[in-house]
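Naming: A, B, ... by sequence-line order, numbering from 1 per chain.
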Number of protein chains: 2
Amino acid sequence: MGERRSLSKGITVTQAALPGLTLCNNAMLRRATRKLGQFYDDMLAPSGLKATQQGLLYQILIGDEPAMGAIAAALIMDLSALGHTLKPLIRDGYVETFADKDDRRVKRVRLTPQGLIKLDEAMKLWSLAQQRFEAMVGKDEAARLRAALDDIAALDFDMPPAAPSK
Amino acid sequence: MGERRSLSKGITVTQAALPGLTLCNNAMLRRATRKLGQFYDDMLAPSGLKATQQGLLYQILIGDEPAMGAIAAALIMDLSALGHTLKPLIRDGYVETFADKDDRRVKRVRLTPQGLIKLDEAMKLWSLAQQRFEAMVGKDEAARLRAALDDIAALDFDMPPAAPSK
DNA sequence: TTCATTTAGTGGCATATGCCACTTTTTGGG
DNA sequence: CCCAAAAAGTGGCATATGCCACTAAATGAA
């Protein structure tokens, strides 16, 4: 009666008994991200920007010539990852960087005029995507979801499982 | 008073008036995914697997020697992306593929004995991560979140904004 | 049967992200 | 003032994901 698969100390369970990945918070989050990402990317396609790039340009716009570290922190993104992601945007002339006047370690970022124009174009498409999405799930539900996601982003996972005590 | 940034047809707004990216459903989803991904990855680190890999191995386990297309569909992932993601797991001997008996186009996937052992090891760590996360946000809230994410994953974004009519 | 079409994957190319080892600056004590 | 430690980025390497063009195999209609 049905395949058996071991799963932890010799225990064997019938396949039907294994819960889907629907139980993993992380897997579900990733899956939804892929799905929604495809939608936003499709909607933004006419601008030539990916949703991630549009989001990054916007983050740069609202920051006041933000330092890379500041952007990375705001997006909860690895600093080096940010650096990599920024390259295509610099290459395409949408963004430029410059050293901070007081601290030469700090590299600040700003949009170029073309970057501003491109972002402007992308924001209109983003707005449509946002509207279509919220029309489907409901504005309230969307807001609730964003709030929940913001809470997760704010969690503090510090200390290892076992508290070092004392 | 304050920087000004154009944002759409010559309109200029003061920086403070620009809402953060907190309003973009997609950006928030990505941000939370990065955050939670780091946590699950950290927790799984002792196993040498990334959370994505653990999730993929699990998906393969619960499928009955699933075809690549079936896995991709279940994870809402591009078929070629799945192929790429599978490579390191095949290289490390956790997974193996074989052609379907009746349809030689179809490539099926299964865990190797080592893959099963490794997954077993990873699932224990995953369980801890899951527990810690749910202890922080609450089991109910986590379940609600997963449900919301599942709804998003099930959305049908088909038809382009403007209905092609007749 | 035969061929156009559809289906399932592959490979190449590009972006998205992370970690780690390093380099350059700053900072904070001695 | 000098040097060890901290802070901010960079580069290299690896995985995560997608899109597109292409190949092989299966299907269906003529």
Position toward the 5' end of DNA chain C (nearest nucleotide), B/Arg108 or A/Lys50: B/Arg108
On DNA chain D, more 5' by nearest nucleotide between B/Ile76 and B/Pro88 is B/Pro88
Just N and O in the side chain of A/Gln53: are any of them under 4.0 Å from OP1 or OP2 of C/dT15? no
Here the distance between atom C1' of C/dC13 and atom CG of B/Asp78, to the nearest Å, is 13 Å
Out of A/Leu49, A/Leu119, A/Leu61, A/Leu75, which residue meets the side chain to side chain contact (heavy atoms under 4.5 Å, CB included) rule with A/Leu56? A/Leu75
Can you tell which of D/dG18, C/dG18, D/dT15 lies closest to the side chain of A/His84? C/dG18
Rounded to whole Å, NZ of B/Lys101 lies from P of D/dA26 at a distance of 14 Å
When rounded to whole Å, the CG to P distance for the pair B/Leu86 and D/dA16 reads 10 Å
Considering heavy-atom distances to DNA chain C, does B/Gly69 or B/Lys35 have its closest nucleotide positioned more toward the 5' end? B/Gly69
Does B/Ser80 or A/Ala70 map to a spot on DNA chain D nearer the 5' end, using the closest nucleotide for each? A/Ala70
When you get a sec, tell me which of D/dA25, D/dT15, C/dT15 is the closest nucleotide to the side chain of B/Asp103? D/dA25
Checking A/Lys50, A/Gln54, A/Gln130 against A/Tyr40 for side chain to side chain donor-acceptor pair (under 3.5 Å), the one that qualifies is A/Gln130
Quick check for you: among C/dA16, D/dG18, D/dT15, whose closest atom lies nearest to any side-chain atom of B/Thr52? D/dT15
Side chain of B/Thr85 only, please: which of C/dT15, D/dA16, C/dT26 is the nearest? D/dA16
Counting side-chain heavy atoms from C-beta on, which of C/dT17, D/dA8, C/dA8 comes nearest to B/Arg105? C/dA8
Categorize A/Gly83 for me: base, sugar-phosphate, or nothing, with a 4.0 angstrom heavy-atom threshold over every strand shown. nothing
Measure from the side chain of A/Asp42, starting at C-beta and using heavy atoms only, and say which of D/dA16, D/dC19, C/dT17 lies closest. D/dC19
Value in whole Å for how far the C1' atom of C/dA8 lies from CD of B/Glu65: 18 Å
Of the listed C/dG18, C/dT25, D/dT15, the closest approach to the B/Arg91 side chain comes from D/dT15
A/Arg34/B/Asp78 ion pair, N-O < 4.0 Å: no
Consider the side chain of A/Arg104, meaning its heavy atoms from C-beta on, and name the nucleotide among C/dG9, C/dT26, C/dC19 that approaches it most closely. C/dT26
Separation of B/Arg34 atom CZ from C/dT15 atom C1', in whole Å? 13 Å
Heavy atoms of A/Ile152 and B/Lys35 approach each other most closely as O-CG, 3.6 Å
Do A/Arg110 and A/Phe98 meet the cation-pi criteria used here (NZ or CZ under 6.0 Å from the six-membered ring centre, within 45° of the axis)? yes
